[in-house]
Chemist: 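One structure, as structure tokens, below. Some questions next.
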Amino acid sequence: MRSVIDIRDLSTEEIDSLISVALDIIDNPDKYAEACKRKKLATLFFEPSTRTRLSFEAAMYELGGNVLSVTGAGTSSAAKGESVADTAKTVSCYADIIAMRHPKEGAALVAANNASIPVINAGDGGHNHPTQTLADLLTIHREKGRFSDLTVGFCGDLKFGRTVHSLINAITRYPGIKLVLISPEELKVPGYVKNDVIIRNNIPYEETNDLLSAIPKLDVLYMTRVQRERFFNEEDYLRLKDSYILEPSKLTNAKKDLCIMHPLPRVNEISVSVDDDPRACYFKQVLNGKYMRMALILKLLEEAEK
Ligand code: CP
């Protein structure tokens with residue numbers, strides 16, 4: 001049974017095809033309004049979420065399907081000690097496809113190995129969040145008109161940011177990508193991403209802690225939140241949380257067509273006064289996430305029926 005746990009589960013051709021379907025959904029929503037009639041999506045969210053859960057649910061409703069939902073470990077039998085494996089086997093009896101978020105790295109893979117229906121990883125700890133990457137890619141495609149020949153800056157928590165790791169993996173598959181990795185020393189991109197993805201594929205990159213100097217060369221700036229929930233001690237979080245705050249004054253030397261992204265939620269790393277800047281794309285990312293999740297649900301359900 002085909003599941004999507006990691007962005008690497010999708011080939012570049014499949015990502016391009018999902019983008020094409022999402023663009024067609026945007027142009028022709030009526031064509032898809034009954035595409036998942038009588039199908040059920042189970043959203044199993046054992047960690048907080050606003051965008052991912054609601055966009056999966058909106059996606060399924062817009063495809064004419066239905067939704068079963070678990071929100072919070074405390075409201076399901078996980079609270080009584082039920083394993084992820086047993087939960088996946090159980091939900092397979094009721095639903096046609098699962099979207100699952102869990103605080104533990106690897107939980108979605110365990111679910112996929114035990115479910116008899118497709119599982120989509122909606123975020124597992126600090127590990128992977130492939131559908132956020134699909135949302136990010138559609139946003140870059142719609143804003144820049146291409147994936148190639150872009151200088152992409154990632155800023156903030158590049159250590160724990162699962163969306164950063166997944167997007168680096170996806171965007172560097174396209175030619176002419178340069179990376180600028182902007183973070184404090186303690187929150188640099190982990191070695192396995194740097195060595196296995198960036199260095200192994202000869203992607204030009206620089207690491208810096210200086211956002212202001214980096215901004216003028218960027219086509220895309222991907223800001224991230226310092227993730228309190230992933231820190232082992234509060235002291236380190238408090239010391240690092242305000243490392244980068246994007247304000248209008250910092251954009252004076254930015255390109256006129258810079259695409260400013262953020263997976264959200266934000267805390268204070270992008271000032272709300274940036275929201276009115278036409279280069280702010282983070283709420284467009286939210287909407288694009290729904291279209292890409294529609295395209296992915298369609299693809300996995302079609303494959304499951306074969
Ligand atoms: N971007 C994202 O995953 O948001 P939520 O945590 O609100 O789902």
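Counting from 1, the numbers follow the sequence of the chain as shown. We use all heavy atoms of the structure for the numbers below, so side chains are in, but hydrogens, waters and symmetry mates are not. For ligands, and for the atoms within them, numbers begin at 1 and follow the listed sequence.
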Chemist: For ligand 1, which atoms, with element, lie under 4.0 Å from some heavy atom of Gln132?
Modeler: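 By the 4.0 Å cutoff, the relevant atoms are 1 (N), 2 (C).
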Chemist: At a 4.0 Å threshold, what atoms of ligand 1 neighbour a non-hydrogen atom of His129?
Modeler: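 Counting atoms of ligand 1 from 1, those under 4.0 Å from His129 are 2 (C), 3 (O).
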Chemist: Would you mind checking which non-hydrogen protein atom is closest to atom 4 (O) of ligand 1, with the distance to 0.1 Å?
Modeler: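 The closest one turns out to be Arg51 NE, 3.1 Å.
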Chemist: Give a yes or no on whether the backbone of Ile5 and the side-chain of Asp9 come within a donor-acceptor separation of less than 3.5 Å.
Modeler: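 Indeed, once roles are kept as given, a pair shorter than 3.5 Å links the two residues.
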Chemist: So is Pro263 in contact with ligand 1, going by heavy-atom distances below 4.0 Å?
Modeler: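 Flag set, Pro263 near ligand 1.
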Chemist: Keeping Asn114 on the side-chain end and Ala88 on the backbone end, is there a donor-acceptor pair under 3.5 Å?
Modeler: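 The answer is no, because no donor-acceptor pair under 3.5 Å joins these two groups.
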Chemist: For Thr52, take its heavy atoms, then give the atoms of ligand 1 lying under 4.0 Å from any of them.
Modeler: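 Close to Thr52: 2 (C), 3 (O), 4 (O), 5 (P), 8 (O).
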Chemist: Would you verify whether the NZ or CZ of Arg293 falls within 45 degrees of the ring axis of Phe56 while also being under 6.0 Å from that six-membered ring's centre?
Modeler: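 The answer is yes, since Arg293 meets both limits relative to Phe56.
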Chemist: If you measure from each non-hydrogen atom of Leu264 to ligand 1, which part falls under 4.0 Å: side chain, backbone, both or neither?
Modeler: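 Just the backbone.
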Chemist: Once the angle between the rings of Tyr282 and His262 is folded into 0 to 90°, is it parallel (under 30°), tilted (30 to 60°) or perpendicular (over 60°)?
Modeler: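 Taking His262 first and then Tyr282, their aromatic rings stand perpendicular (interplane angle over 60°).
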Chemist: Do Asp219 side-chain atoms and Thr151 backbone N/O form a donor-acceptor pair below 3.5 Å?
Modeler: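 Yes; at least one donor-acceptor contact below 3.5 Å.
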Chemist: For the pair His165 and Tyr192, name the ring-plane relationship: parallel under 30°, tilted 30 to 60°, perpendicular over 60°.
Modeler: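 Plane angle over 60°, so perpendicular.
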Chemist: Quick check on contacts: which atoms of ligand 1 are under 4.0 angstrom from a heavy atom of Thr50?
Modeler: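 Contacts of ligand 1 toward Thr50, numbered from 1: 5 (P), 7 (O), 8 (O).
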Chemist: Mind checking whether Arg101 has a heavy atom under 4.0 Å from ligand 1?
Modeler: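 In this structure, Arg101 qualifies as a contact of ligand 1 - some heavy atom is under 4.0 Å.
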